[in-house]
Amino acid sequence: MKRVLIRDLNKYLNKQVLIYGWVEGIRKLGKLKFFIIRDRSGQIQGVCDKEIENLDKLEKASVVKIFGKVKEETQAPKGIEILIEKVEILNLPKATLPFEYYRDLSLLNLKLDMLLDYRPLSLRNKKIGNIFRIQAGIIKIYREFMEKNDFLEVHTPKIVSSGTEGGSQLFKVEYFDRVAYLAQSPQFYKQMLVGAGFERVYEVGFVYRAEDHETSRHLNEYLSLDLEMGFIEDENDVMDLEVKFLKYLFRYLRKKYQEVLKEYNIELEEIREIPRIPFYEGKEILKKEYNKEILGDDLTPEEERLLCEYSLNKYGTNFVFVTKFPRNIRPFYTMPDNNPTYSRGFDLLYKGMEVTTGSQRIHDYDMLLESIKYFGYNPENFKFYLEIFKYGMPPHGGLAIGAERLTCQILNLKNIREASLFPRDRYRLVP
RNA sequence: GGGCCCGUAGUGUAGCCUGGAUAAACACGUCGCCCUGUCACGGCGAAGAGCGCCGGUUCAAAUCCGGUCGGGCCCGCCA
């Protein structure tokens, strides 16, 4: 007999079926017994009022093979249920469950630490698992969108000889008799591949940051959705593309992940335009509207939150691009603006958090060399990167989206670790 | 790297400030018995922690103090 997935049971009314799954609930009312069975596709109630071999051995989290008849039943949770006729036990749990993963999360009231310590088990919880179902959707759509726009998917090395900026936030790895590092960004490689004639490339890959911090929005290993495109006029072309992507993404999520969004109580906005506020104007807005005058060249998390609030009030969107960041807080490859204090670098903030960084890059060899020196680096270290710039590099730019951050903000999660299957942070190396 | 907070049965909490009376209470889970339409099933009963760890103060410490380990949040920095 062939296995039927639980979501397809309604096609088998009054027929004998075989299902596989986990037992998630047991309710015994004397001789009448109910079992909630779950497989990857859904849940179904099984019922039995006879003495059947193995039936009383079942515990929660047992793995079973169940034969039975599908029947309509108004009293069943989903309108149908399965009359259990035969039970085969494939595996029984060997220990008490640390928590009742099959219950409603709000009843469990578990600490994130617990969920992460028992990650595979906590992922069995539908609501938690759904974070990764929707994340897979986000990545799928990213790929689909990139392909539609004629980008080539590439995979760049994760073991590299030097970082894209300094070297302070890199993980060292032993590479035979040399020191190598884990890539903190595919930056150099994606630019080189633009110059390699591909023009448009994108990558979905882990990047590594050895930053010694412990916050709800940082991971030491995170999934970066990168893209780099040649023959642009300026950074606005890159932002235009991202807006198009986000519209496409939200439309898809609203359609395919309705249930998940509802479960998380999310109403995804209809994106029209995303305002682009130059850095210095942003600072002025903060001063005028919120009476916040924070010194410094960068935006603090509080300022980022306020700018999003401003954007929501004024433009009706949770998104806002902050453009023309001061040059000296952006990496050396960022194209300076007409006013050289500023750059053609931008961030995209969403619901108060930075989810993207991008810019137009410097494509002129001499200018790039100048910039490397201006930032105090040794051009010798970047020889492999600079090479292609000697042979006709087109004007180009690109960006990187933090996949976990985007997931986190879409679902309004509190901690970015919730959006990572097996997060690597300052203290967590297992599971 | 800086600041603040937390650590009690399998899980989530109460107790701690204002030390003591039966060496710890409640809920969920677990185990046993009962229950033929449950769906956070219900009823009755039971087991399960000596309060992260080490040390100190005290006649007396889960409660006060010090250290240590583990965890959380914020900031710097970043996606």
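Each chain gets a letter, A, B and so on, in the order its sequence line appears, and its residues count up from 1. Just so it is clear, the structure is predicted and the values come from calculations on it, not from any experiment.
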Asker: Check the distance between B/C39's P and A/D104's CG and give it to me in whole angstrom.
Answerer: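 Distance check: A/D104 CG to B/C39 P gives 16 Å.
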Asker: Any strand counts, and the cut-off is 3.5 Å on both contacts for Watson-Crick or G-U wobble. Which nucleotide pairs with B/C41?
Answerer: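 The answer is none; no pair meets the criterion.
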Asker: Would you say the rings of A/F325 and A/Y342 are close, in the sense that their centroids are separated by under 6.0 Å?
Answerer: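 Not close enough - the centres of the two rings lie 6.0 Å or further apart.
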Asker: Quick one: which of A/I141, A/V260, A/L268 gives a side-chain contact (heavy atoms from CB on, under 4.5 Å) with A/L253?
Answerer: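 Result: among A/I141, A/V260, A/L268, A/L268 is the only option passing the side-chain contact (heavy atoms from CB on, under 4.5 Å) with A/L253.
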Asker: Which nucleotide, if any, forms a Watson-Crick or G-U wobble pair with B/U58, using both distances under 3.5 Å?
Answerer: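 Per the H-bond distance test, none.
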Asker: Rounded to the nearest angstrom, tell me the gap between atom CD1 in A/I82 and atom P in B/U38.
Answerer: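 Whole-Å distance recorded here is 21 Å.
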Asker: Ion pair present between A/D49 and A/K33, side-chain N to carboxylate O less than 4.0 angstrom?
Answerer: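 Salt bridge: no.
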Asker: So, does the side chain of A/Q45 form a donor-acceptor pair with the base of B/U38 at under 3.5 Å?
Answerer: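 By the distance-only test, yes, there is a pair.
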Asker: Polar atoms only, N or O, under 3.5 Å: list the protein pairs with nucleotides 40-43 of chain B and their distances.
Answerer:
from  : atom 1 : to    : atom 2 : distance (Å)
B/C41 : OP2    : A/R27 : NE     : 2.9
B/C41 : OP2    : A/R27 : NH2    : 2.8
B/C41 : N4     : A/K28 : O      : 2.6

Asker: Going by the salt bridge (Lys or Arg N to Asp or Glu O under 4.0 Å) test, which pairs reach into residues 122-137 of chain A, not counting sequence neighbours?
Answerer: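 Of all non-adjacent pairs touching residues 122-137 of chain A, those that pass salt bridge (Lys or Arg N to Asp or Glu O under 4.0 Å) are A/K126-A/E259.
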Asker: Base, sugar-phosphate alone, or nothing: which one does A/P77 contact when heavy atoms must sit under 4.0 Å apart?
Answerer: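 Base: the residue A/P77, judged by heavy atoms under 4.0 Å, touches a nucleobase.
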Asker: Using atom P of each nucleotide, how far apart are B/A79 and B/G72 to the nearest Å?
Answerer: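 It works out to 23 Å between them.
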Asker: Check nucleotides 73-76 of chain B for protein N or O atoms closer than 3.5 Å to its own N or O atoms and list the pairs.
Answerer:
from  : atom 1 : to     : atom 2 : distance (Å)
B/C73 : OP1    : A/N415 : ND2    : 2.2
B/C73 : OP2    : A/R417 : NH2    : 3.4
B/C74 : OP1    : A/S216 : OG     : 3.1
B/C74 : OP2    : A/S216 : N      : 3.3
B/C74 : OP2    : A/S216 : OG     : 2.9
B/C75 : OP1    : A/R305 : NH2    : 3.3
B/C75 : OP2    : A/R217 : NH1    : 3.2
B/G76 : O6     : A/H213 : ND1    : 3.4

Asker: When the P atoms of B/G76 and B/U30 are considered, how many whole Å apart are they?
Answerer: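 The answer is 46 Å between these two P atoms.
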Asker: Tell me: CD of A/E404 to P of B/C78, nearest whole Å?
Answerer: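 After rounding, the gap between these two atoms is 18 Å.
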Asker: For A/E304, check salt bridge (charged side-chain N to carboxylate O under 4.0 Å, His left out) against everything at least two apart and list the hits.
Answerer: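 A/E304 satisfies salt bridge (charged side-chain N to carboxylate O under 4.0 Å, His left out) with no residue once adjacent residues are dropped.
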Asker: For A/L110 and for A/A76, locate the closest nucleotide of RNA chain B by heavy-atom distance; then report the residue assigned to the nucleotide nearer the 5' terminus.
Answerer: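 Going by which nucleotide is closer to the 5' end, it is A/L110.
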Asker: Quick one: look up who B/G76 pairs with, Watson-Crick or G-U, both distances under 3.5 Å, and put none if it's unpaired.
Answerer: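 Partner of B/G76: none found under 3.5 Å.
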Asker: For A/E269, enumerate each residue passing the salt bridge (charged side-chain N to carboxylate O under 4.0 Å, His left out) test, keeping only those at least two apart in sequence or located in another chain.
Answerer: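 A/E269 satisfies salt bridge (charged side-chain N to carboxylate O under 4.0 Å, His left out) with no other residue.
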Asker: Take atom CZ of A/F34 and atom C1' of B/G37, then tell me their distance rounded to the nearest Å.
Answerer: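 In whole Å, B/G37 C1' and A/F34 CZ are 4 Å from each other.
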Asker: State which residues pass side chain to side chain contact (heavy atoms under 4.5 Å, CB included) with A/N412; sequence neighbours excluded, sorted by chain then number.
Answerer: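 For A/N412, the residues satisfying side chain to side chain contact (heavy atoms under 4.5 Å, CB included) (neighbours in sequence not counted) are A/I266, A/K351.
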Asker: Below 4.0 angstrom, N of the basic side chain to O of the carboxylate: do A/E228 and A/R361 qualify?
Answerer: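 Salt bridge: yes.
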Asker: Using atom C1' in both nucleotides, what's the gap between B/G50 and B/A24 to the nearest angstrom?
Answerer: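 The answer is 8 Å between these two C1' atoms.
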Asker: Considering only the C1' atoms, how many Å lie between B/G52 and B/C6, rounded to the nearest integer?
Answerer: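 12 Å, rounded to whole Å.
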Asker: Expressed as a whole number of angstroms, how long is the span from A/K31:NZ to B/C34:P?
Answerer: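 A/K31 atom NZ is separated from B/C34 atom P by 9 Å.
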Asker: Using both distances under 3.5 Å as the test, list the Watson-Crick or G-U wobble partner of B/U13, or none.
Answerer: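 For B/U13, the partner nucleotide comes out as B/A25, under the 3.5 Å rule.
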Asker: Looking at residues at least two apart in the chain, or sitting in another chain, which of them share a ring pair (Phe, Tyr, Trp, His ring centres under 6.0 Å) with A/Y385?
Answerer: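 Expected list: A/F188, A/F389.
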Asker: Please list, chain by chain and in numerical order, all residues satisfying ring pair (Phe, Tyr, Trp, His ring centres under 6.0 Å) with A/F250, sequence neighbours excluded.
Answerer: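 With neighbours one apart ignored, the set is A/F319.
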Asker: Round to a whole Å and report the spacing from NZ of A/K33 to C1' of B/C34.
Answerer: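 Atom NZ in A/K33 sits about 13 Å away from atom C1' in B/C34.
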Asker: For B/C51, give the paired nucleotide (Watson-Crick: N1-N3 plus N6-O4 or O6-N4; G-U: N1-O2 and O6-N3; both under 3.5 Å), or none.
Answerer: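 No nucleotide pairs with B/C51.
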Asker: Given the C1' atoms of B/A49 and B/C33, what is the spacing between them in whole Å?
Answerer: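 Per the computed distance, 26 Å lies between those C1' atoms.
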Asker: Which pairs count as salt bridge (Lys or Arg N to Asp or Glu O under 4.0 Å) when at least one residue sits in residues 89-101 of chain A, sequence neighbours excluded?
Answerer: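 Sorted result for residues 89-101 of chain A: A/E100-A/R103.
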Asker: Counting distance alone, no hydrogens or angles: does the base of B/G37 have a donor or acceptor under 3.5 Å from a partner atom on the side chain of A/E81?
Answerer: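 Answer yes: a donor N or O sits under 3.5 Å from an acceptor.
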Asker: Rounded to whole Å, please give me the gap between CG in A/D117 and P in B/G12.
Answerer: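 Distance check: A/D117 CG to B/G12 P gives 10 Å.
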Asker: Test of understanding: with ring pair (Phe, Tyr, Trp, His ring centres under 6.0 Å), list the residues that count as partners of A/F245, not counting sequence neighbours.
Answerer: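 Expected list: A/Y142, A/F145.
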Asker: For RNA chain B, what residues of residues 347-358 of chain A have any heavy atom nearer than 4.0 Å?
Answerer: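 A/E354, A/V355, A/T356, A/T357 - these, ordered by number, are the residues of the stretch whose heavy atoms sit under 4.0 Å from the strand.
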Asker: How is A/E73 classified with respect to the nucleic acid when contacts are heavy atoms under 4.0 Å: base, sugar-phosphate, or nothing?
Answerer: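 Counting heavy atoms under 4.0 Å across all strands, the contact made by A/E73 includes a base.
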Asker: With both distances under 3.5 Å as the test, what is the Watson-Crick or G-U wobble partner of B/A46?
Answerer: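 Paired with B/A46, as far as the under-3.5 Å criterion goes, is B/U30.
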Asker: Indicate every side-chain donor-acceptor pair of residues 13-27 of chain A with a distance under 3.5 Å to a residue at least two apart or in another chain.
Answerer:
from  : atom 1 : to    : atom 2 : distance (Å)
A/Q16 : NE2    : A/E85 : OE1    : 2.6
A/E24 : OE1    : A/Q43 : NE2    : 2.8

